[in-house]
Amino acid sequence: MNAYAPILVLGGVALAFAVVSVVIASAIGPSRHNRAKLEAYECGIEPLPPTAGLVHRFPVKYYLTAMLFIIFDIEIVFLYPWAVAADRLGWFGIIAVALFIVNVSVAYAYEWRRGGLRWD
């Protein structure tokens, strides 16, 4: 248990900081509510009134950008531990990471083909 004490203390400090920050911000921060602040955030697109009766479609660009961030996150989450332990994994590690990079490349190719890498 002695080995885990610093981790538990750090977790407690982080939790306390988060809770105290939220409580202090809500206690001393301004609370001026207006119509614009209460509306849903629509990714930069002006929201339609509920009485309009129109179906509004979001551009695919938003979803492609979100997918690109997810691909980068997954790549980092799996490649960083592999890089730390690469010398102990041997050929199994090299083959596993090669298959992973091929798999991720398919997602990058899809993003590229759909125009997700073009920043207009």
Side-chain angles (χ1 to χ4, degrees):
M1 187 64 180
N2 255 352
Y4 295 110
I7 296 172
L8 293 174
V9 169
L10 183 63
V13 168
L15 182 67
F17 179 75
V19 170
V20 169
S21 297
V22 170
V23 169
I24 288 176
S26 64
I28 65 173
S31 60
R32 288 171 279 207
H33 298 289
N34 58 25
R35 186 170 162 232
K37 284 185 178 180
L38 297 175
E39 285 185 3
Y41 180 66
E42 297 286 343
C43 301
I45 298 173
E46 288 294 322
L48 296 174
T51 58
L54 301 172
V55 176
H56 190 282
R57 297 180 66 180
F58 288 104
V60 175
K61 186 78 169 175
Y62 295 117
Y63 302 108
L64 289 176
T65 304
M67 188 173 134
L68 191 61
F69 280 106
I70 291 171
I71 292 169
F72 278 129
D73 289 344
I74 290 172
E75 185 176 14
I76 293 301
V77 163
F78 286 112
L79 285 181
Y80 183 74
W82 173 80
V84 170
D87 57 341
R88 288 175 285 184
L89 294 175
W91 282 106
F92 173 77
I94 293 173
I95 293 170
V97 83
L99 291 174
F100 175 73
I101 289 175
V102 166
N103 200 8
V104 169
S105 297
V106 171
Y108 281 130
Y110 177 78
E111 282 280 338
W112 186 19
R113 179 99 169 138
R114 298 288 297 182
L117 299 177
R118 273 184 275 136
W119 302 107
D120 302 324

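This is a predicted model, so every value here is computed, not measured. Because only heavy atoms are used, hydrogens play no part in the values below, and waters and symmetry mates are left out as well, while side chains stay in.
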Side chains of Glu75 and Tyr108 in contact at under 4.5 Å (non-hydrogen atoms) | yes
Looking only at heavy atoms, the pair that brings Ala3 and Pro6 closest together is O-CD, 3.6 Å
Shared hydrophobic cluster, Ile74 / Phe72 (ILVMFWY, side-chain heavy atoms < 4.5 Å) | yes
Following the transitive rule for hydrophobic clusters with a side-chain heavy-atom cut-off under 4.5 Å over Ile, Leu, Val, Met, Phe, Trp and Tyr, establish whether Leu68 and Ile76 coincide in one cluster.
-> no
Quick check: are there more than 12 heavy atoms from other residues, nucleotides or ligands sitting under 6.0 Å from CZ of Phe100?
-> yes
Answer with yes or no whether the hydrophobic clustering places Leu79 together with Leu89; edges join I, L, V, M, F, W, Y residues whose side-chain heavy atoms lie under 4.5 Å apart.
-> yes
Can you tell me how far the CD1 atom of Ile101 sits from the CH2 atom of Trp82, to the nearest 0.5 Å?
-> 6.5 Å
Would a 4.5 Å heavy-atom cut-off, applied to side chains only, mark Tyr110 and Leu64 as touching?
-> yes
